[in-house]
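In what follows, a single structure is set out as structure tokens and then discussed.
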Amino acid sequence: MTLPDTAPTSAPGADRTFQVDLRGLVDLLSHHLYSSPRVYLRELMQNAVDALTARHALEPAAPADAFGIRLYADNAVVRVEDDGIGLTEADVHTFLATIGRSSKRAEQVAEQRADFIGQFGIGLLSCFLVADEIHVVSRSARTPDAPAVEWRGRGDGSYTVRTLPASARPRPGTTVTLTPRADAGEWTRPAQVHALARHFGSLLRHPVTFTDHSAGTGTSVNPEPAPWARTYPTPGARSRALAAYGEDVFGFTPLDTIELDLPAVGLKGIACVLPETVPAGRRHGHRVHVKGMLLSEQAEEILPEWAFFVRCVVDAESLRPTASRESLYEDDTLAAVRDALAERLRAWIARTAASDPDLLARFLHAHHLAVKSLAVHDDEILRMLLPWLPFETTDGHCTLDEFARTHRTVLVTSSVEEFRQVAAIASAAGLGVVNGGYTYDRELVHRLPEIRPEATVADLDPATLTAHLDPVDRETELAAAAYLARARDALAVFDCDVALRTFQPASAPALLVDSREARHERTRSQLAREQEGGLWGDILGALRQEAPRAQLILNRLNPLVRTAVAIDEPELARTSAEALYGQAALLSRRPLRPAESSLINRSFLDLLAHALRKDS
């Protein structure tokens with residue numbers, strides 16, 4: 001079938017008809033709608049399943065296994081045959097020769113449309129991914145004496161139709177035959193056709209068989225129903241069977257399997273809990289079948305983002321596929337299914353917390369980040385699991401429940417680097433500090449009083465820490481005054497003050513107390529001052545004096561510091577102060593500014609040169 005290259009002339013203002021290049025349209029749909037040529041077999045099997053569904057609606061008394069699907073391959077042709085409803089000659093002209101017209105939308109089955117997988121009338125075009133011609137022979141079950149009809153469609157958009165004697169197709173149904181192109185052998189060899197049939201159709205409810213003509217063998221594609229649809233002698237046997245199925249599908253042994261059952265949408269399946277930690281933000285795709293036919297292996301949209309600790313395989317009746325049948329259509333039904341499945345996962349967490357502490361411990365060890373993200377937004381999970389969740393603290397990695405028993409006041413840092421700066425000193429001072437720099441941790445720690453009302457939580461303030469450092473006596477302070485003045489002068493470029501205190505551990509020579517917010521504020525003020533001059537520059541300079549300053553606190557208990565504060569030589573005193581600052585900055589594990597890196601290198605070389613001069 002072809003269309004003229006030019007449209008006939010018509011009166012001004014008259015309606016016109018779009019001119020369609022069928023060859024280009026066929027190429028567009030068959031080569032760009034689908035992700036891979038392998039979907040041709042899925043589309044043929046899907047059409048066969050829908051034809052069987054219509055046949056059962058026509059003959060409801062027939063046994064469920066009375067009609068089936070048969071696949072053949074022999075390196076020369078690929079053939080898919082079904083015992084479905086079949087087509088009349090009028091149906092062939094209406095449905096096979098009109099792109100976008102689906103027999104599933106015909107009036108006689110419109111009320112049963114939800115029973116069919118495909119509803120777009122374009123699936124047959126996928127065959128042009130592997131063949132240049134599609135050969136269809138069909139006989140309708142609606143008309144007992146209907147003749148067989150042959151349709152040949154070609155990739156250029158043309159087709160032919162003719163009627164055949166009844167002997168060409170003795171029983172109702174449809175046979176689709178493809179003669180693969182030479183470049184399509186990867187997808188049409190018998191072994192590959194068999195593998196694709198099992199991949200897409202292992203959960204189909206109709207019997208599907210495959211015959212390799214070259215080997216003379218025939219096998220069932222779906223010999224058993226889905227594992228969740230089978231009966232087992234004991235609950236333990238059922239759990240083991242579901243876990244084995246999950247391992248076969250996903251390639252890992254599940255930590256546990258969660259049965260999923262949503263009768264409202266006809267959804268059944270399992271969620272397999274991953275046994276290992278998943279990188280933050282990484283989402284796994286899930287296997288979604290629609291009425292038994294595999295729709296997608298990467299359906300992320302079936303579960304909420306926080307549920308990245310499971311991988312699911314489900315079969316649903318009422319989910320709506322997109323036109324390519326490779327993903328799910330985002331609608332209210334999918335949103336409701338996502339919420340319902342999320343509730344099933346929450347229920348599993350609650351059940352595990354109440355009845356299986358060993359499994360809970362293994363689950364939280366691997367997936368505490370996922371649970372923390374859920375607890376932030378789910379009060380029930382928060383109350384249930386917050387005491388069990390691990391956090392990094394000055395007492396090591398422990399749960400908040402254990403930590404709160406030891407520390408009535410729980411201090412929490414705003415960043416990882418702030419925690420690393422103060423952890424050793426805070427621990428020695430008896431302060432209980434939690435690292436709040438990781439995702440969700442700070443927010444969750446602040447909600448601890450909801451679970452333990454006797455606990456008090458506060459953000460760690462530098463003043464809180466310095467208040468727990470013991471001052472030195474007045475005589476020691478006066479003796480170190482000259483050194484401290486030189487140190488302040490050397491570190492003024494970093495907006496850093498210097499103080500002398502005593503604190504544990506004595507092995508720590510210095511503590512650099514600073515925060516990311518204070519550094520950002522000082523940087524902002526400096527840039528503003530450099531960009532402004534005159535009066536505004538003076539005003540900004542005055543404001544800059546009010547910006548938070550860093551503080552290098554020297555530990556009088558440390559032998560190196562006691563030696564340093566006694567240095568009389570001005571240049572050596574400056575160099576030692578710079579070296580102590582650099583060492584404290586390195587211990588904080590925060591990113592160093594270029595000036596700080598330069599200072600560390602310079603102070604090291606200067607101290608080395610001084611040592612060499614002294615030895616010589």
I'd like to know whether [atom1] of [X] has more than 12 heavy-atom contacts from other residues, nucleotides or ligands below 6.0 angstrom.
X: Phe604; atom1: CZ; result: no
X: Asp339; atom1: CG; result: yes
X: Asp331; atom1: CG; result: yes
X: His199; atom1: NE2; result: yes

Where the side chain of [X] meets the backbone of [Y], is there a donor-acceptor pair that is under 3.5 Å apart?
X: Ser373; Y: Ala370; answer: yes
X: Gln504; Y: Ala506; answer: yes
X: Asn222; Y: Leu204; answer: yes
X: Asn555; Y: Ala510; answer: no
X: Thr476; Y: Val472; answer: no
X: Thr413; Y: Gly436; answer: yes
X: Lys372; Y: Leu386; answer: no
X: Ser296; Y: Val288; answer: no
X: Ser355; Y: Arg351; answer: yes

Flag side-chain contact, heavy atom, 4.5 Å: [X] against [Y]:
X: Leu260; Y: Ile270; answer: no
X: Leu274; Y: His367; answer: yes
X: Ile302; Y: Leu319; answer: yes
X: Thr333; Y: Val265; answer: yes
X: Leu491; Y: Leu552; answer: yes
X: Phe309; Y: Ile349; answer: yes
X: Val249; Y: Arg287; answer: yes
X: His377; Y: Trp306; answer: no

Begin from the C-alpha positions of Ser414 and Glu418 and carry the test side chain to side chain donor-acceptor pair (under 3.5 Å) through to its verdict. CA-CA 7 Å; Ser414 59; Glu418 184 180 5; 2.9 Å; yes
Which atom names give the shortest non-hydrogen contact between [X] and [Y], and what distance separates them?
X: Asp315; Y: Lys291; value: OD1-N, 3.2 Å
X: Ala375; Y: Leu382; value: O-CB, 3.7 Å
X: Leu444; Y: Phe391; value: CB-CZ, 4.2 Å
X: Leu345; Y: Ala271; value: CD2-CB, 4.2 Å
X: Arg42; Y: Leu294; value: CD-O, 3.5 Å
X: Asp459; Y: Leu411; value: O-CD2, 4.5 Å

For Trp348 and Phe363, run ring-ring contact (aromatic ring centres under 6.0 Å, His included): C-alpha distance rounded to whole Å, both residues' side-chain angles, the deciding distance at 0.1 Å, then the answer. CA-CA 11 Å; Trp348 174 83; Phe363 170 68; 5.0 Å; yes
Whether [Y] and [X] form a salt bridge (side-chain N of Lys/Arg under 4.0 Å from carboxylate O of Asp/Glu) is what I want to check.
X: Glu247; Y: Arg240; result: no
X: Asp395; Y: Arg405; result: no
X: Glu343; Y: Arg346; result: yes
X: Arg338; Y: Glu300; result: no
X: Arg238; Y: Glu259; result: yes
X: Glu417; Y: Arg420; result: no
X: Arg230; Y: Glu224; result: yes
X: Glu596; Y: Arg593; result: yes

In terms of ring plane angle, is the pair Phe403 and His407 parallel, tilted or perpendicular, where the classes change at 30° and 60°? tilted
What orientation do Phe494 and Tyr581 show, parallel under 30°, tilted 30 to 60°, or perpendicular over 60°? parallel
Do Leu586 and Leu592 pass the side chain to side chain contact (heavy atoms under 4.5 Å, CB included) test, and can you show the C-alpha distance, the side-chain angles, and the key distance before you say yes or no? CA-CA 8 Å; Leu586 287 173; Leu592 296 178; 3.7 Å; yes
Test side chain to side chain contact (heavy atoms under 4.5 Å, CB included) on Leu389 and Leu364 and set out the steps. CA-CA 7 Å; Leu389 291 173; Leu364 291 179; 3.7 Å; yes
Using 0.5 Å steps for rounding, measure from the [atom1] atom of [X] to the [atom2] atom of [Y].
X: Thr253; Y: Glu276; atom1: OG1; atom2: CD; result: 10.0 Å
X: Leu469; Y: Arg556; atom1: CG; atom2: CZ; result: 15.5 Å
X: Phe250; Y: Arg311; atom1: CZ; atom2: CZ; result: 5.0 Å
X: Leu512; Y: Ile553; atom1: CG; atom2: CD1; result: 9.0 Å
X: Asp470; Y: Leu557; atom1: CG; atom2: CG; result: 8.5 Å
X: Phe503; Y: Ile425; atom1: CZ; atom2: CD1; result: 5.0 Å

List the steps and the verdict of salt bridge (Lys or Arg N to Asp or Glu O under 4.0 Å) for Glu450 and Arg447. CA-CA 6 Å; Glu450 299 178 27; Arg447 299 188 67 178; 3.0 Å; yes
For Val433 and Val410, what are the C-alpha separation, side-chain angles and deciding distance, and is it a side chain to side chain contact (heavy atoms under 4.5 Å, CB included)? CA-CA 6 Å; Val433 182; Val410 176; over 6 Å; no
Does the side chain of [X] come under 3.5 Å of the side chain of [Y] through a donor N or O and an acceptor N or O?
X: Ser576; Y: Tyr483; result: yes
X: Ser598; Y: Asn601; result: no
X: Thr406; Y: Glu402; result: no

Test Asp606 against Ser603 for side chain to side chain donor-acceptor pair (under 3.5 Å), laying out the working first. CA-CA 5 Å; Asp606 287 349; Ser603 62; over 6 Å; no
Report the C-alpha separation of Trp388 and Val371 in whole Å, then their side-chain angles, then the decisive distance to 0.1 Å, and conclude whether the side chain to side chain contact (heavy atoms under 4.5 Å, CB included) test is met. CA-CA 11 Å; Trp388 296 86; Val371 177; over 6 Å; no
With Glu578 as partner, the option from Arg486, Arg488, Arg602 fulfilling salt bridge (charged side-chain N to carboxylate O under 4.0 Å, His left out) is Arg602
